[in-house]
Number of protein chains: 2
Amino acid sequence: MKKFPPTGSCPVRDVLSRIGDKWSMLVLLTLHANGTMRFNEIHRSLEDISHRMLTVTLRMLEADGLIAREVFAEVPPRVEYSLTERGSSLLPHIFGLVEWAQANKASIFEERARH
Amino acid sequence: MKKFPPTGSCPVRDVLSRIGDKWSMLVLLTLHANGTMRFNEIHRSLEDISHRMLTVTLRMLEADGLIAREVFAEVPPRVEYSLTERGSSLLPHIFGLVEWAQANKASIFEERARH
DNA sequence: CGGTATCCTTTGAGATACTG
DNA sequence: CAGTATCTCAAAGGATACCG
């Protein structure tokens, strides 16, 4: 029988658990859709993310090398975020999920209603 | 600017948040790898999932029509789980993510170490 | 503007015990 | 064997206030 070891010993589970959090995919999607964006642009694009969680999520994505952060020494300050190569390489797979969800959402909601 | 509306109004976010939880993908993966499985087989396959969370996850996947649950009226009881058509149709996209994670895990861990 | 820091609430999830 | 119920705790995440 094929087994799936605990998170601590499985790098794949580790990596996927990071992008599988509440906000990471959405940040990646909006950066892909809109190109380089400033902090508050991303904030407005996602609407219901809190200030704090946007910072946390951006830091995570940056630490994993999925997005790039560029600070401009201006007043008022300007910080721009964009997808890295690695971040871009992940996006087709996210789109795969999104398209599947779009194609299946109707029947899934029907199914739930029966339960 | 392209926007990404809140979960309550976005069916895609809703659907993806269900399979993006801690265990759903792993259950789907093990059912795909091993075919029809009993409750305790899945439990052993995942190793670190709790009894309770396995039940909860299975109920969710069943409610969304991604897995099928068949109860046999025997003593001791036997319950078998298997992927549905819809569940199977999701798997290629999960594999896309897994392969991406496998290909990128090494450089991601390096990147994290620098931060 | 783009953050940090703090506090507080909500959710996720494990442990344990009990049941048909 | 395959659950359900309860209890508990840790982690995620929101609100708010303050800072360079």
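Being a predicted model, the structure only gives us computed values, none of them experimental.
Taken residue by residue, residues 26-37 of chain A places no heavy atom nearer than 4.0 Å to DNA chain D. Contacts with DNA chain D (heavy atom under 4.0 Å) in residues 41-62 of chain A: S50(A), R52(A), M53(A), listed by number. Taken residue by residue, residues 69-77 of chain B places heavy atoms nearer than 4.0 Å to DNA chain C at P77(B).
Residues satisfying the salt bridge (Lys or Arg N to Asp or Glu O under 4.0 Å) test with R112(B), not counting sequence neighbours, are D14(A), D64(A). Taking K3(B) as the reference, E47(A) meet the salt bridge (Lys or Arg N to Asp or Glu O under 4.0 Å) condition, with sequence neighbours excluded. Qualifying salt bridge (Lys or Arg N to Asp or Glu O under 4.0 Å) partners for D21(A), counting only residues two or more places apart in sequence or in other chains: none. Under the salt bridge (Lys or Arg N to Asp or Glu O under 4.0 Å) criterion, E111(B) pairs with R86(A), R114(B), sequence neighbours left out. For R78(A), the side-chain hydrogen bond (donor to acceptor under 3.5 Å, both in side chains) criterion is met by E74(A), E80(A), not counting sequence neighbours. For E110(B), the side-chain hydrogen bond (donor to acceptor under 3.5 Å, both in side chains) criterion is met by no residue, not counting sequence neighbours.
Interface limits on DNA chain D: the 5'-most and 3'-most nucleotides within less than 4.0 Å of chain B heavy atoms are dC1(D) to dT6(D). If you walk DNA chain C from 5' to 3' and mark each nucleotide with an atom closer than 4.0 Å to a heavy atom of chain B, the marks span dA13(C) to dG20(C).
A tilted orientation is assigned to the rings of F39(B) and H51(B), their planes being inclined by 30° to 60°.
A donor-acceptor pair under 3.5 Å is absent between the side-chain atoms of N34(B) and the main chain of M1(A), judged by distance alone. No donor-acceptor pair under 3.5 Å is formed between the side chain of T57(B) and the backbone N or O of S24(B). Of the possible donor and acceptor atoms, one in the side chain of R13(A) sits under 3.5 Å from a partner among the backbone N and O of F4(A). A donor-acceptor pair under 3.5 Å is formed between the side chain of H43(B) and the backbone N or O of I49(B).
Among all heavy-atom pairs drawn from V12(A) and A101(B), the shortest one is CG1-CB, 3.9 Å. Closest approach of P77(B) to R38(B), counting heavy atoms only: O-NH2, 3.4 Å.
Distance check: R69(A) CZ to S82(A) OG gives 12.0 Å after rounding to the nearest 0.5 Å. One finds the CG atom of L58(B) at 10.5 Å from the CE atom of M37(B) (value rounded to the nearest 0.5 Å).
When the shell of 6.0 Å around CE of M60(B) is examined, it contains 12 or fewer heavy atoms from other residues, nucleotides or ligands.
Note that the two end axes of the helix from dC1(C)-dG20(D) to dG20(C)-dC1(D) enclose an angle of 40°, each drawn from 5 base pairs, rounded to 10 degrees.
A donor-acceptor contact closer than 3.5 angstrom links the side chains of S45(B) and T30(B).
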